[in-house]
Amino acid sequence: MDKDYFTMRAHLYNITTDLEVSFKLNDVANIWFCTTKNAKRKLQQYQVKKMLTYLPGLGRGNVSRIIFPKQLELEVLDVLEQSLDEDAFSDILFLLQLPIPKSWFTSISTEIQQMFGLQVTENQQEVLRSIVRRKLTTLDPLQTSVSMEAFLITQISDSLVKYDEEKKKIIPHIAHHWKVSDDFTEWTFYLRKSVLFHHGRMLDSEDVKYTLMRSMQTESVSFWQLQDIQSIHCPNKFTISIQLKKTDPFFIRYLCTANMAILPRDIIFDEYTWISTGPFRVAERNDERLVLEAFDGYFLERPILDRVEFWTAQTGNNLKTIPMQFTSVDYEENPAYVERRKPGVGVNFICFNTYRNGAPQHPAFREAIYHLIDCQKASEQHFENYGTVASNYYPEKSLPPKKHPEKIATLLKKANYQGEKVIFGTTQHPTAVKESKWIQEQAVEFGINLERKIITHQEASYSNVPAKETDFMMMGEIPASDDEMAYLDFLNNPYLLPQQLFNQAIIKELTEKLDAFKTEKDASKRDALQTSIDSWLTENHYLIYLHHPEKSQSLHSMIKGIAENPYGYFDLSKVWIEISPLKTLKPDYRQSHRGKAPHTITQK
């Protein structure tokens, strides 16, 4: 399938009369992201192939015409039928993302649905195929700060120990036992034997040391957790001792996170091949998909699922015809799929950029924005999975905040706000775009000139765009299951907004408060300290908590063994299929790749 051809036809569809369309060459060049010269050459090539008749306009900037031999709907259906016969998932996903009528897919919607979700090969290998609605960001544990990517890391790697959410305690994993000195400065871990990496070598204490040393780099997301390590000693192959500069009862909890995935010391890390010890290994990764296959040598129970595929599809209303196990989406077309909802998953918030100058950084302006955004009213706008109104990081501590819009005018005057443009950043998630537009509309009523800046997840987490180009930023935080550890990471992680946008004076005071929290051994006193820290942040309006969203997933009723992962997704290694899946794949997936060079990206 020629994707450039169908992209052009789809974008010209609404201005096409019968089979003829008038256009400017520059418009087609913009569709293809190329020069007008290359666009003209491509159209001429299509004419040679008898895919269209191209009638160029006379003179620069004049209107040209194209005559197509066949209706676009018929061409789309022809390609869909061929793609279904060939199991060409990539081509079908591409067509589903085009701006074309949903009705065109109706006649074969069942067949399209069956290409995704649960599958089984002729050799009874079980496959789960799903869609991710954005490109994945980095899977390097040194940098990963996004919940979906952290979840994926937990499926392809293992940490030294794990946090049991139900029992609220640390449990063994790669380390079967450990001991700690009374002052929490000396930690010794005893490792399991016969833990294999994906490339076949046995894990030992030097691999754990290598991982810790790598994570201690100043650019690492985990630097703040490991900066007090004084020395690391490996007395033998299966014992590792760590000496800290000062007491830290939380140290073992740092070692539970996805960022502490144990990596082999003899392989240069490459996030597109990803060698570790996890229940799944990376079989393929490119811009189009990520493929995981069960690791037969896993030191615990081997996954029952043989293969999991994550396909990237970022746009298109037609995607609602496909079940998405890992993406929130309205999906009602197949009664076999059940929507699974979980309330209070994380928190959406606004963080002010206290580095920039001007009225938006004035305390009174921040307070004005606080009174402006009434999340109780926003909840009536039917934003997808909006959830409950927030006033604290934790849902269980949140109470309906008191809003006084009558104070806004006085506060704006106090801040000497004169109607100048204020840059309001948000991510490109569809719900975030709608919510930010609603906030922008509320601001207009009070004479506040908010200009939205929509940025990618990559830019939001791994660039200086929020700090350099926004006055305040709206984001969502989905914490890990260890609530206290999640709160510490939210405020300490260098890739998250508080550390990006708070100035040094705020960071200094915040660090002192968090240090007191970390060293307090009594859980009830830590809880009181967290409440105090959160009150300080919100009363100064450095942060404005908005709402605790719901999380929804479309799960086939035949998927069993659903156990929640620490990052809010279900643990793939525990999943199994109760009866025969929806569709039998023609080839064994392993055989289908034999003799073919895998299309992977190896450069970073």
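- With a 6.0 Å radius and a threshold of 12 heavy atoms from other residues, nucleotides or ligands, E301 has its CD atom at or below the threshold.
- Between the side chain of T519 and the backbone N or O of D515, at least one donor-acceptor pair lies under 3.5 Å.
- Judged by distance alone, with hydrogens and angles left aside, the side-chain atoms of T531 form a donor-acceptor pair with the main-chain N or O of D527 at under 3.5 Å.
- Rounding to the nearest 0.5 Å places OG1 of T511 at 8.5 Å from CD of Q504.
- Looking at N464, its side chain never comes within 3.5 Å of a backbone N or O of A467 through a donor-acceptor pair.
- Checking side-chain atoms of S159 against main-chain N and O of A261 turns up no donor-acceptor pair under 3.5 Å.
- Between Y355 and Q500, the shortest heavy-atom distance links the atoms CE1-O, 3.7 Å.
- Between the side chain of T456 and the backbone N or O of E459, at least one donor-acceptor pair lies under 3.5 Å.
- To the nearest 0.5 Å, atom CD of residue Q230 and atom CD of residue E186 are 9.5 Å apart.
- Side-chain contact, N348 with Y545: no donor N or O sits under 3.5 Å from an acceptor N or O.
- Within the 4.5 Å cutoff, side-chain heavy atoms of L152 are placed close to those of L136.
- Residues L203 and L196 fail the side-chain proximity criterion, which asks for heavy atoms closer than 4.5 Å.
- Nearest approach of F295 to G278, heavy atoms of both residues: CD2-O, 3.4 Å.
- Between E271 and R285 there is a salt bridge, since a side-chain N of the basic residue sits under 4.0 Å from a carboxylate O of the acidic one.
- The shortest non-hydrogen separation linking Y495 to E219 is OH-O, 2.8 Å.
- Separation of the F472 and F424 ring centroids falls under the 6.0 Å cut-off.
- Within the 4.5 Å cutoff, the side chain of R214 has heavy atoms near those of the L142 side chain.
- Scanning both residues, F250 and R526, for their nearest heavy atoms gives CE1-CD, 3.8 Å.
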Start with the C-alpha distance between T312 and D287, add both sets of side-chain angles, then the distance that settles side chain to side chain contact (heavy atoms under 4.5 Å, CB included), and finish with yes or no.
CA-CA 7 Å; T312 301; D287 285 343; over 6 Å; no
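- Of all non-hydrogen atoms in P303 and F280, the two that sit nearest each other are CB-CZ, 3.5 Å.
- Between D207 and R201 a salt bridge is recorded (basic side-chain N to carboxylate O distance below 4.0 Å).
- Just one of T239, I240, I242 meets the side chain to side chain contact (heavy atoms under 4.5 Å, CB included) condition when paired with T188; it is T239.
- With no hydrogens or angles considered, a side-chain donor-acceptor pair links H548 and S398 at under 3.5 Å.
- Using the six-membered ring where Trp is involved, F349 and F490 have ring planes that are perpendicular, over 60° apart on the 30 and 60° scheme.
- In this structure, I268 places its CD1 atom where only 12 or fewer heavy-atom neighbours from other residues, nucleotides or ligands lie under 6.0 Å away.
- Side-chain atoms of H429 come within 3.5 Å of backbone atoms of T431 as a donor-acceptor pair (strictly under, hydrogens ignored).
- Judged by a 6.0 Å distance limit and a 45° cone about the ring axis, R289 is not positioned over the six-membered ring of F310.
- Evaluation of the salt bridge (charged side-chain N to carboxylate O under 4.0 Å, His left out) test over residues 227-245, restricted to residues two or more places apart or in two chains, returns none.
- Under the 3.5 Å distance criterion, the side-chain polar atoms of T247 are matched with a main-chain donor or acceptor of D183.
- For residues 146-159, the salt bridge (charged side-chain N to carboxylate O under 4.0 Å, His left out) pairs, not counting sequence neighbours, are R134-E149.
- Rounded to the nearest 0.5 Å, atoms CZ (F184) and CG (D248) are 9.5 Å apart.
- Atom NZ of K434 has 12 or fewer neighbouring heavy atoms from other residues, nucleotides or ligands inside a 6.0 Å radius.
- Side-chain contact between H233 and K209 is absent, with no heavy-atom pair separated by less than 4.5 Å.
- At least one side-chain heavy atom of R129 sits under 4.5 Å from a side-chain heavy atom of W311.
- Here the side chains of V291 and V308 are not in contact, with every heavy-atom distance at 4.5 Å or above.
- Within the 4.5 Å cutoff, no side-chain heavy atoms of D306 are placed close to those of V127.
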T388 and H547: CA distance, side-chain angles, deciding distance, side chain to side chain contact (heavy atoms under 4.5 Å, CB included) verdict
CA-CA 5 Å; T388 58; H547 57 99; over 6 Å; no
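- By the 4.0 Å N-to-carboxylate-O rule, D204 lies close enough to R265 to be salt-bridged with it.
- Once rounded to the nearest 0.5 Å, the distance linking CD1 of I455 with OG1 of T426 reads 8.0 Å.
- The pair R307-E293 counts as a salt bridge, with a side-chain nitrogen and a carboxylate oxygen less than 4.0 angstrom apart.
- Looking at L263 and W274, their side chains come closer than 4.5 Å, going by heavy atoms from C-beta outward.
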Decide yes or no on side chain to side chain donor-acceptor pair (under 3.5 Å) for Y393 and Q530, but give the supporting numbers first.
CA-CA 9 Å; Y393 181 82; Q530 185 278 330; over 6 Å; no
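- Listed for the S461 side chain is no donor-acceptor partner under 3.5 Å among the backbone atoms of Q458.
- The CG atom of L191 lies 7.0 Å from the NE2 atom of H176; values are rounded to the nearest 0.5 Å.
- To the nearest 0.5 Å, atoms CG (L491) and CG (L497) are separated by 11.5 Å.
- In this structure, W187 and F189 have parallel ring planes: the angle between them is below the 30° cut-off, well short of the 60° mark.
- For S220 (side chain) and S215 (main-chain N/O), a donor-acceptor pair under 3.5 Å exists by modelled atom type.
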What verdict does the side chain to side chain donor-acceptor pair (under 3.5 Å) test give for D140 and T138, after you've listed the backbone C-alpha separation in whole Å, the side-chain angles of each residue and the deciding distance to 0.1 Å?
CA-CA 5 Å; D140 188 341; T138 180; 5.2 Å; no
Take I171 and V161, measure what side chain to side chain contact (heavy atoms under 4.5 Å, CB included) needs, and give me the verdict at the end.
CA-CA 6 Å; I171 58 175; V161 286; over 6 Å; no
Between L546 and I350, does a side chain to side chain contact (heavy atoms under 4.5 Å, CB included) hold up when you go through it step by step?
CA-CA 7 Å; L546 302 177; I350 278 175; 4.1 Å; yes
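- Here the options are M216, M485, R253, the test is side chain to side chain contact (heavy atoms under 4.5 Å, CB included), and the partner is Q225; only M485 passes.
- Taking the centre and axis of the six-membered ring of W536, the NZ or CZ atom of K513 falls inside the cone set by 45° and 6.0 Å.
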Yes or no on side chain to side chain donor-acceptor pair (under 3.5 Å) for D534 and Y487, after CA distance, side-chain angles and deciding distance?
CA-CA 10 Å; D534 234 35; Y487 188 68; 2.8 Å; yes
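- Of the charged side-chain nitrogens involved, at least one lies within less than 4.0 Å of a carboxylate oxygen, so that D471 and R356 count as a salt-bridged pair.
- A donor-acceptor pair is defined here as one N or O able to donate and one able to accept, closer than 3.5 Å; such a pair exists between the side chain of T354 and the backbone of L501.
- Scanning both residues, P141 and V221, for their nearest heavy atoms gives O-CG1, 3.5 Å.
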